[in-house]
Amino acid sequence: MRIIKLNAINSTNTFLKQLSVQETVVDYTVVQTNYQTNGRGQMGTSWSSNTGENLMFSVFKDVSFLGFDQHFYISITVALAIIKTLKAHEISKLSIKWPNDILSENKKICGILIENSIKKNKFKDSIIGIGINVNQTNFENLPQASSLKKLTGKVFDIEELLIDLIENLKHYFLILENRNFEELKSTYEKYLFRKKKPSTFQDIEGNMFSGIIQSVSQNGNLQVLLEDAVLKEYNLKEIKLLY
Amino acid sequence: MDLKDIQNLIKFVAKSGASEVKLETDDVKITIKTGGDDKETQTIVQQIPMGAMAPAPVAAAPQPVAAAVPAQPVAEEDNSKYITIKSPIIGTLYRKPSPDKPVFVEVGQTIKEGDVLCIIEAMKLFNEIESEVSGKIVKVLVDDASPVEFDQPLFLVDPS
(Lines give C-alpha, C1' and ligand atoms only; values in the text may rest on other atoms or scores of the structure.)
Protein backbone atom coordinates (compact mmCIF):
# COMPACT_ATOMS: atom_id res chain seq x y z
CA MET A 1 0.00 0.00 0.00
CA ARG A 2 1.29 3.39 -0.94
CA ILE A 3 0.88 6.11 1.68
CA ILE A 4 1.99 9.63 0.94
CA LYS A 5 2.35 11.67 4.10
CA LEU A 6 2.33 15.41 4.04
CA ASN A 7 2.89 17.84 6.85
CA ALA A 8 0.48 20.46 5.64
CA ILE A 9 -1.53 20.49 2.46
CA ASN A 10 -4.39 22.57 1.13
CA SER A 11 -6.62 19.53 0.61
CA THR A 12 -5.73 15.85 0.35
CA ASN A 13 -8.49 15.30 -2.22
CA THR A 14 -7.10 18.04 -4.45
CA PHE A 15 -3.55 16.70 -4.08
CA LEU A 16 -4.57 13.14 -4.95
CA LYS A 17 -6.67 14.34 -7.87
CA GLN A 18 -3.70 16.21 -9.32
CA LEU A 19 -1.44 13.23 -8.74
CA SER A 20 -3.86 10.95 -10.58
CA VAL A 21 -3.79 13.28 -13.57
CA GLN A 22 0.02 13.36 -13.63
CA GLU A 23 0.71 9.68 -13.18
CA THR A 24 -0.98 6.32 -12.98
CA VAL A 25 -2.22 5.83 -9.46
CA VAL A 26 -3.06 2.39 -8.12
CA ASP A 27 -6.07 1.53 -5.99
CA TYR A 28 -5.83 2.42 -2.31
CA THR A 29 -3.11 4.97 -2.78
CA VAL A 30 -3.44 7.20 0.27
CA VAL A 31 -2.61 10.82 0.82
CA GLN A 32 -2.57 11.63 4.50
CA THR A 33 -1.89 14.86 6.31
CA ASN A 34 -1.78 16.09 9.85
CA TYR A 35 -2.99 19.53 8.89
CA GLN A 36 -5.11 20.85 6.06
CA THR A 37 -4.80 24.52 5.23
CA ASN A 38 -7.87 24.51 3.06
CA GLY A 39 -9.87 21.43 3.98
CA ARG A 40 -13.00 21.15 1.92
CA GLY A 41 -16.42 19.87 2.80
CA GLN A 42 -19.45 19.77 0.55
CA MET A 43 -19.40 22.50 -2.09
CA GLY A 44 -17.53 25.30 -0.45
CA THR A 45 -18.11 24.43 3.17
CA SER A 46 -14.87 23.99 5.06
CA TRP A 47 -13.44 21.27 7.22
CA SER A 48 -11.15 22.38 10.00
CA SER A 49 -9.03 20.43 12.41
CA ASN A 50 -6.22 20.85 14.94
CA THR A 51 -2.71 19.82 13.88
CA GLY A 52 -1.89 16.16 14.37
CA GLU A 53 -4.97 15.29 16.39
CA ASN A 54 -7.15 13.83 13.69
CA LEU A 55 -7.14 11.36 10.85
CA MET A 56 -7.41 13.10 7.50
CA PHE A 57 -6.73 11.33 4.28
CA SER A 58 -7.87 10.68 0.76
CA VAL A 59 -7.82 7.36 -0.98
CA PHE A 60 -7.93 6.50 -4.66
CA LYS A 61 -10.19 3.79 -6.07
CA ASP A 62 -10.98 2.74 -9.61
CA VAL A 63 -14.77 2.52 -9.85
CA SER A 64 -15.11 1.94 -13.59
CA PHE A 65 -16.90 -1.36 -12.85
CA LEU A 66 -19.90 0.54 -11.52
CA GLY A 67 -22.91 1.59 -13.53
CA PHE A 68 -24.39 5.04 -13.20
CA ASP A 69 -27.47 3.86 -11.41
CA GLN A 70 -25.21 2.36 -8.77
CA HIS A 71 -23.35 5.47 -7.73
CA PHE A 72 -24.91 5.59 -4.28
CA TYR A 73 -23.20 2.31 -3.47
CA ILE A 74 -19.88 4.15 -3.31
CA SER A 75 -21.31 6.15 -0.40
CA ILE A 76 -22.66 3.02 1.22
CA THR A 77 -19.34 1.19 0.86
CA VAL A 78 -17.35 4.02 2.42
CA ALA A 79 -19.82 4.52 5.27
CA LEU A 80 -19.77 0.82 6.14
CA ALA A 81 -15.96 0.67 6.13
CA ILE A 82 -15.85 3.55 8.61
CA ILE A 83 -18.53 2.01 10.82
CA LYS A 84 -16.71 -1.33 10.90
CA THR A 85 -13.42 0.35 11.80
CA LEU A 86 -14.91 2.43 14.59
CA LYS A 87 -16.83 -0.51 15.94
CA ALA A 88 -13.63 -2.55 16.19
CA HIS A 89 -12.20 0.30 18.23
CA GLU A 90 -15.14 0.12 20.61
CA ILE A 91 -16.95 3.24 19.62
CA SER A 92 -20.54 2.81 20.69
CA LYS A 93 -23.95 3.73 19.29
CA LEU A 94 -22.76 4.18 15.74
CA SER A 95 -25.19 5.24 13.08
CA ILE A 96 -25.26 6.66 9.57
CA LYS A 97 -27.24 9.83 9.15
CA TRP A 98 -28.52 9.71 5.60
CA PRO A 99 -26.85 9.98 3.23
CA ASN A 100 -23.34 9.71 4.68
CA ASP A 101 -22.68 11.34 8.03
CA ILE A 102 -21.22 9.02 10.63
CA LEU A 103 -22.57 9.58 14.13
CA SER A 104 -21.78 8.17 17.52
CA GLU A 105 -24.25 8.95 20.30
CA ASN A 106 -25.90 11.42 17.91
CA LYS A 107 -22.70 13.45 17.50
CA LYS A 108 -20.91 13.85 14.21
CA ILE A 109 -17.41 12.40 14.34
CA CYS A 110 -16.60 11.95 10.71
CA GLY A 111 -16.87 13.74 7.40
CA ILE A 112 -16.76 12.22 3.94
CA LEU A 113 -16.18 13.94 0.63
CA ILE A 114 -16.35 11.69 -2.41
CA GLU A 115 -15.37 13.02 -5.81
CA ASN A 116 -15.78 10.85 -8.88
CA SER A 117 -14.61 11.50 -12.38
CA ILE A 118 -16.83 10.62 -15.28
CA LYS A 119 -15.85 10.27 -18.89
CA LYS A 120 -17.76 8.95 -21.89
CA ASN A 121 -20.74 8.32 -19.62
CA LYS A 122 -18.73 5.97 -17.46
CA PHE A 123 -17.21 6.19 -14.03
CA LYS A 124 -13.44 6.34 -14.01
CA ASP A 125 -12.17 6.75 -10.52
CA SER A 126 -13.27 7.92 -7.15
CA ILE A 127 -11.32 10.04 -4.72
CA ILE A 128 -12.62 9.43 -1.26
CA GLY A 129 -11.75 12.00 1.36
CA ILE A 130 -12.30 10.98 4.96
CA GLY A 131 -11.83 13.04 8.09
CA ILE A 132 -12.31 11.49 11.52
CA ASN A 133 -12.13 13.49 14.70
CA VAL A 134 -9.78 11.38 16.77
CA ASN A 135 -7.90 13.05 19.61
CA GLN A 136 -9.22 16.59 19.33
CA THR A 137 -11.38 17.53 22.31
CA ASN A 138 -12.09 21.18 21.77
CA PHE A 139 -14.94 21.92 19.35
CA GLU A 140 -15.82 25.53 19.80
CA ASN A 141 -19.18 26.51 18.36
CA LEU A 142 -19.76 23.00 17.05
CA PRO A 143 -22.26 21.47 19.48
CA GLN A 144 -23.01 18.51 17.21
CA ALA A 145 -19.36 17.53 16.76
CA SER A 146 -17.38 15.11 18.86
CA SER A 147 -14.28 12.91 18.66
CA LEU A 148 -13.24 9.40 19.55
CA LYS A 149 -11.32 10.69 22.55
CA LYS A 150 -14.21 12.82 23.75
CA LEU A 151 -16.55 9.87 23.51
CA THR A 152 -14.31 7.28 25.18
CA GLY A 153 -11.74 9.22 27.19
CA LYS A 154 -8.99 7.26 25.44
CA VAL A 155 -6.20 8.45 23.15
CA PHE A 156 -6.18 6.69 19.78
CA ASP A 157 -3.33 5.73 17.46
CA ILE A 158 -4.12 7.56 14.24
CA GLU A 159 -1.91 5.35 12.03
CA GLU A 160 -3.55 2.20 13.33
CA LEU A 161 -6.98 3.61 12.53
CA LEU A 162 -5.83 4.43 9.00
CA ILE A 163 -4.50 0.92 8.33
CA ASP A 164 -7.69 -0.66 9.69
CA LEU A 165 -9.88 1.65 7.68
CA ILE A 166 -8.07 0.88 4.43
CA GLU A 167 -8.45 -2.85 5.10
CA ASN A 168 -12.17 -2.37 5.68
CA LEU A 169 -12.52 -0.29 2.53
CA LYS A 170 -10.91 -3.17 0.61
CA HIS A 171 -13.33 -5.57 2.28
CA TYR A 172 -16.46 -3.65 1.31
CA PHE A 173 -15.24 -2.66 -2.15
CA LEU A 174 -14.72 -6.36 -2.84
CA ILE A 175 -18.36 -6.96 -1.94
CA LEU A 176 -19.28 -4.11 -4.27
CA GLU A 177 -17.15 -5.49 -7.11
CA ASN A 178 -18.85 -8.84 -6.62
CA ARG A 179 -22.13 -6.95 -7.11
CA ASN A 180 -23.57 -7.97 -3.76
CA PHE A 181 -25.71 -4.85 -3.69
CA GLU A 182 -28.40 -6.26 -1.42
CA GLU A 183 -25.90 -7.16 1.28
CA LEU A 184 -24.43 -3.65 1.24
CA LYS A 185 -27.80 -1.94 1.25
CA SER A 186 -29.26 -4.01 4.07
CA THR A 187 -26.16 -3.48 6.23
CA TYR A 188 -26.33 0.24 5.52
CA GLU A 189 -30.01 0.32 6.48
CA LYS A 190 -29.23 -1.48 9.71
CA TYR A 191 -27.18 1.55 10.76
CA LEU A 192 -29.52 4.21 9.40
CA PHE A 193 -29.97 6.98 11.97
CA ARG A 194 -33.53 7.25 13.31
CA LYS A 195 -34.74 4.35 11.23
CA LYS A 196 -38.22 3.22 12.28
CA LYS A 197 -38.45 6.09 14.75
CA PRO A 198 -40.88 8.98 14.38
CA SER A 199 -38.83 11.97 13.27
CA THR A 200 -39.39 15.53 12.22
CA PHE A 201 -38.35 16.68 8.77
CA GLN A 202 -38.28 19.92 6.93
CA ASP A 203 -39.16 20.10 3.26
CA ILE A 204 -37.81 22.41 0.60
CA GLU A 205 -40.24 25.21 1.50
CA GLY A 206 -39.35 24.97 5.19
CA ASN A 207 -42.55 23.19 6.20
CA MET A 208 -42.13 20.75 9.05
CA PHE A 209 -43.70 17.34 8.93
CA SER A 210 -43.27 14.05 10.70
CA GLY A 211 -42.51 10.67 9.30
CA ILE A 212 -40.63 7.47 9.89
CA ILE A 213 -37.50 6.53 7.98
CA GLN A 214 -37.91 3.10 6.40
CA SER A 215 -35.08 2.52 3.99
CA VAL A 216 -33.15 3.93 1.05
CA SER A 217 -33.86 3.31 -2.61
CA GLN A 218 -31.32 1.98 -5.12
CA ASN A 219 -30.35 5.48 -6.13
CA GLY A 220 -30.01 6.69 -2.57
CA ASN A 221 -33.35 8.41 -2.01
CA LEU A 222 -34.68 8.30 1.52
CA GLN A 223 -37.96 6.42 1.87
CA VAL A 224 -40.15 7.88 4.60
CA LEU A 225 -43.48 6.65 5.87
CA LEU A 226 -45.80 9.61 6.31
CA GLU A 227 -48.75 10.11 8.62
CA ASP A 228 -51.37 8.88 6.17
CA ALA A 229 -49.48 5.59 5.69
CA VAL A 230 -48.02 6.77 2.41
CA LEU A 231 -44.44 5.83 1.61
CA LYS A 232 -42.67 8.70 -0.07
CA GLU A 233 -39.20 9.04 -1.54
CA TYR A 234 -37.06 12.10 -1.11
CA ASN A 235 -33.77 13.13 -2.59
CA LEU A 236 -31.18 15.10 -0.71
CA LYS A 237 -32.45 18.50 -1.81
CA GLU A 238 -36.05 17.78 -0.85
CA ILE A 239 -35.76 16.88 2.79
CA LYS A 240 -33.82 17.67 5.93
CA LEU A 241 -33.91 15.62 9.08
CA LEU A 242 -34.20 17.72 12.21
CA TYR A 243 -32.58 16.22 15.27
CA MET B 1 -75.66 5.75 -6.95
CA ASP B 2 -76.63 8.37 -4.45
CA LEU B 3 -74.85 11.44 -3.19
CA LYS B 4 -73.23 9.55 -0.35
CA ASP B 5 -71.71 7.02 -2.71
CA ILE B 6 -70.28 9.79 -4.78
CA GLN B 7 -68.80 11.48 -1.75
CA ASN B 8 -67.17 8.25 -0.69
CA LEU B 9 -65.86 7.71 -4.15
CA ILE B 10 -64.27 11.15 -4.17
CA LYS B 11 -62.61 10.48 -0.85
CA PHE B 12 -61.34 7.16 -2.08
CA VAL B 13 -59.87 8.61 -5.24
CA ALA B 14 -58.22 11.44 -3.33
CA LYS B 15 -56.57 8.97 -0.98
CA SER B 16 -55.51 6.60 -3.73
CA GLY B 17 -53.13 9.12 -5.19
CA ALA B 18 -54.62 8.77 -8.68
CA SER B 19 -54.86 12.03 -10.55
CA GLU B 20 -57.97 11.21 -12.53
CA VAL B 21 -60.71 8.60 -12.42
CA LYS B 22 -63.56 8.19 -14.91
CA LEU B 23 -66.59 6.10 -14.09
CA GLU B 24 -69.51 5.40 -16.37
CA THR B 25 -72.65 3.43 -15.53
CA ASP B 26 -75.99 3.35 -17.34
CA ASP B 27 -77.25 6.63 -15.98
CA VAL B 28 -74.25 8.42 -14.49
CA LYS B 29 -70.94 9.51 -15.77
CA ILE B 30 -68.44 10.78 -13.24
CA THR B 31 -64.98 12.19 -13.74
CA ILE B 32 -62.96 12.91 -10.63
CA LYS B 33 -59.78 14.89 -10.94
CA THR B 34 -57.66 15.44 -7.89
CA GLY B 35 -56.00 18.76 -7.36
CA GLY B 36 -52.69 16.99 -7.31
CA ASP B 37 -50.69 19.22 -5.00
CA ASP B 38 -47.94 16.66 -5.04
CA LYS B 39 -48.02 16.36 -8.76
CA GLU B 40 -46.55 19.70 -9.35
CA THR B 41 -43.20 19.13 -7.81
CA GLN B 42 -41.70 18.81 -11.25
CA THR B 43 -40.28 22.19 -12.01
CA ILE B 44 -37.60 21.48 -14.47
CA VAL B 45 -37.07 24.62 -16.39
CA GLN B 46 -35.10 23.51 -19.32
CA GLN B 47 -33.90 26.22 -21.54
CA ILE B 48 -33.72 25.23 -25.11
CA PRO B 49 -31.63 27.78 -26.88
CA MET B 50 -33.00 28.74 -30.22
CA GLY B 51 -31.89 31.44 -32.51
CA ALA B 52 -29.37 33.34 -30.48
CA MET B 53 -26.55 30.98 -31.19
CA ALA B 54 -23.08 32.31 -30.88
CA PRO B 55 -22.05 33.31 -34.36
CA ALA B 56 -20.29 30.37 -35.84
CA PRO B 57 -16.96 31.06 -37.42
CA VAL B 58 -18.14 31.13 -41.00
CA ALA B 59 -14.93 32.53 -42.32
CA ALA B 60 -14.91 29.93 -45.04
CA ALA B 61 -11.50 30.14 -46.51
CA PRO B 62 -11.68 30.51 -50.28
CA GLN B 63 -11.16 27.03 -51.45
CA PRO B 64 -9.59 26.06 -54.70
CA VAL B 65 -12.72 24.76 -56.30
CA ALA B 66 -12.00 22.30 -59.03
CA ALA B 67 -15.03 22.37 -61.24
CA ALA B 68 -17.19 25.39 -61.83
CA VAL B 69 -19.80 24.50 -59.33
CA PRO B 70 -22.61 27.01 -58.98
CA ALA B 71 -22.49 28.88 -55.66
CA GLN B 72 -23.34 26.41 -52.95
CA PRO B 73 -26.06 27.19 -50.47
CA VAL B 74 -24.23 28.66 -47.51
CA ALA B 75 -24.77 26.89 -44.23
CA GLU B 76 -27.93 28.13 -42.56
CA GLU B 77 -28.36 27.65 -38.82
CA ASP B 78 -26.11 24.70 -38.72
CA ASN B 79 -25.89 23.08 -35.30
CA SER B 80 -25.19 19.71 -36.77
CA LYS B 81 -21.49 20.33 -36.86
CA TYR B 82 -21.49 20.96 -33.13
CA ILE B 83 -21.29 18.21 -30.58
CA THR B 84 -23.78 18.34 -27.73
CA ILE B 85 -22.43 17.26 -24.38
CA LYS B 86 -25.24 15.81 -22.32
CA SER B 87 -25.67 15.08 -18.67
CA PRO B 88 -24.90 11.45 -17.82
CA ILE B 89 -26.83 11.60 -14.54
CA ILE B 90 -29.55 13.40 -12.62
CA GLY B 91 -28.25 15.90 -10.12
CA THR B 92 -27.24 19.45 -9.44
CA LEU B 93 -24.78 20.96 -11.86
CA TYR B 94 -21.97 23.17 -10.68
CA ARG B 95 -19.86 25.10 -13.12
CA LYS B 96 -17.21 25.93 -10.53
CA PRO B 97 -15.05 23.71 -8.32
CA SER B 98 -16.18 25.82 -5.34
CA PRO B 99 -18.26 28.99 -5.04
CA ASP B 100 -15.27 31.33 -4.87
CA LYS B 101 -13.47 29.79 -7.84
CA PRO B 102 -13.79 30.64 -11.53
CA VAL B 103 -15.91 28.44 -13.80
CA PHE B 104 -14.35 25.32 -15.34
CA VAL B 105 -15.18 26.37 -18.89
CA GLU B 106 -16.55 29.44 -20.61
CA VAL B 107 -17.93 30.17 -24.07
CA GLY B 108 -15.09 30.57 -26.55
CA GLN B 109 -12.69 28.50 -24.50
CA THR B 110 -10.75 25.73 -26.19
CA ILE B 111 -11.02 22.41 -24.44
CA LYS B 112 -9.34 19.10 -24.97
CA GLU B 113 -10.47 15.60 -24.28
CA GLY B 114 -10.33 14.84 -20.57
CA ASP B 115 -10.78 18.42 -19.40
CA VAL B 116 -13.27 18.86 -16.59
CA LEU B 117 -16.39 20.68 -17.80
CA CYS B 118 -18.51 20.75 -14.67
CA ILE B 119 -19.43 18.88 -11.52
CA ILE B 120 -22.76 17.13 -11.11
CA GLU B 121 -23.66 16.39 -7.54
CA ALA B 122 -25.99 13.55 -6.74
CA MET B 123 -26.62 12.46 -3.16
CA LYS B 124 -23.47 14.16 -1.89
CA LEU B 125 -21.34 12.43 -4.48
CA PHE B 126 -19.45 14.96 -6.53
CA ASN B 127 -18.97 13.82 -10.08
CA GLU B 128 -16.51 15.63 -12.29
CA ILE B 129 -17.68 15.43 -15.87
CA GLU B 130 -14.79 15.17 -18.29
CA SER B 131 -14.98 16.08 -21.94
CA GLU B 132 -15.00 13.30 -24.48
CA VAL B 133 -14.06 15.66 -27.27
CA SER B 134 -11.64 18.42 -28.07
CA GLY B 135 -12.85 21.70 -29.49
CA LYS B 136 -14.26 25.04 -28.58
CA ILE B 137 -17.19 25.73 -26.27
CA VAL B 138 -19.85 27.43 -28.39
CA LYS B 139 -22.65 27.54 -25.89
CA VAL B 140 -23.30 26.81 -22.24
CA LEU B 141 -26.87 25.59 -21.85
CA VAL B 142 -27.19 25.42 -18.06
CA ASP B 143 -26.76 27.80 -15.15
CA ASP B 144 -24.51 27.23 -12.20
CA ALA B 145 -26.11 25.32 -9.31
CA SER B 146 -29.15 24.28 -11.32
CA PRO B 147 -30.82 20.87 -11.40
CA VAL B 148 -30.16 18.74 -14.46
CA GLU B 149 -31.93 15.72 -15.85
CA PHE B 150 -30.43 12.64 -17.43
CA ASP B 151 -29.47 13.33 -21.05
CA GLN B 152 -30.10 17.05 -20.75
CA PRO B 153 -27.85 19.02 -23.12
CA LEU B 154 -25.19 20.92 -21.17
CA PHE B 155 -22.68 22.30 -23.65
CA LEU B 156 -22.31 22.76 -27.38
CA VAL B 157 -18.79 22.14 -28.62
CA ASP B 158 -17.35 23.00 -32.01
CA PRO B 159 -14.96 20.15 -32.70
CA SER B 160 -13.31 21.71 -35.74
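Fair warning: this is a prediction, and the values are worked out from it, not measured in the lab. Order of the sequence lines sets the chain letters (A, B, ...), proteins ahead of strands, with each chain counted from 1.
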Could you state the interatomic distance from [atom1] ([X]) to [atom2] ([Y]), rounded to the nearest 0.5 Å?
X	Y	atom1	atom2	answer
Phe126(B)	Ile114(A)	CZ	CD1	10.0 Å
Phe68(A)	Asn127(B)	CZ	CG	7.0 Å
Ile118(A)	Ile119(B)	CD1	CD1	10.5 Å
Phe150(B)	Asp69(A)	CZ	CG	10.0 Å
Ile89(B)	His71(A)	CD1	NE2	6.0 Å
Ser75(A)	Leu125(B)	OG	CG	4.0 Å

(Q) Pair Glu121(B), Lys237(A) - check side-chain contact (heavy atoms from CB on, under 4.5 Å), show working. (A) CA-CA 11 Å; Glu121(B) 188 251 284; Lys237(A) 296 273 139 62; 3.0 Å; yes
Which bit of [X] comes within less than 4.5 Å of chain B, counting heavy atoms only: side chain, backbone, both or neither?
X	result
Lys124(A)	side chain
Asn219(A)	backbone
Asp125(A)	neither

Q | Taking every non-hydrogen atom, the tightest pair across Ser131(B) and Lys119(A) | A | O-CE, 3.7 Å
Q | Where Met123(B) and Gly220(A) come nearest, the two heavy atoms and their spacing | A | SD-O, 3.5 Å
Q. Given Asn121(A) and Lys86(B), is the side-chain contact (heavy atoms from CB on, under 4.5 Å) satisfied, shown in steps?
A. CA-CA 9 Å; Asn121(A) 284 355; Lys86(B) 294 177 178 174; over 6 Å; no
Q.
Counting neighbours of CD on Glu227(A) that are heavy atoms of other residues, nucleotides or ligands and sit closer than 6.0 Å, is the number greater than 12?
A. no
Q: Please indicate whether Lys195(A) has more than 12 foreign heavy atoms, meaning atoms of other residues, nucleotides or ligands, lying under 6.0 Å from its NZ.
A: yes
Q: Start with the C-alpha distance between Lys122(A) and Glu132(B), add both sets of side-chain angles, then the distance that settles salt bridge (charged side-chain N to carboxylate O under 4.0 Å, His left out), and finish with yes or no.
A: CA-CA 11 Å; Lys122(A) 282 182 76 169; Glu132(B) 302 163 22; over 6 Å; no
**Q.** Derivation and outcome, salt bridge (charged side-chain N to carboxylate O under 4.0 Å, His left out), residues Glu130(B) and Lys120(A)
**A.** CA-CA 8 Å; Glu130(B) 296 183 7; Lys120(A) 291 200 167 81; over 6 Å; no
Q | Residue part contacting chain A, namely of Ala145(B), when any heavy atom lies under 4.5 Å | A | neither
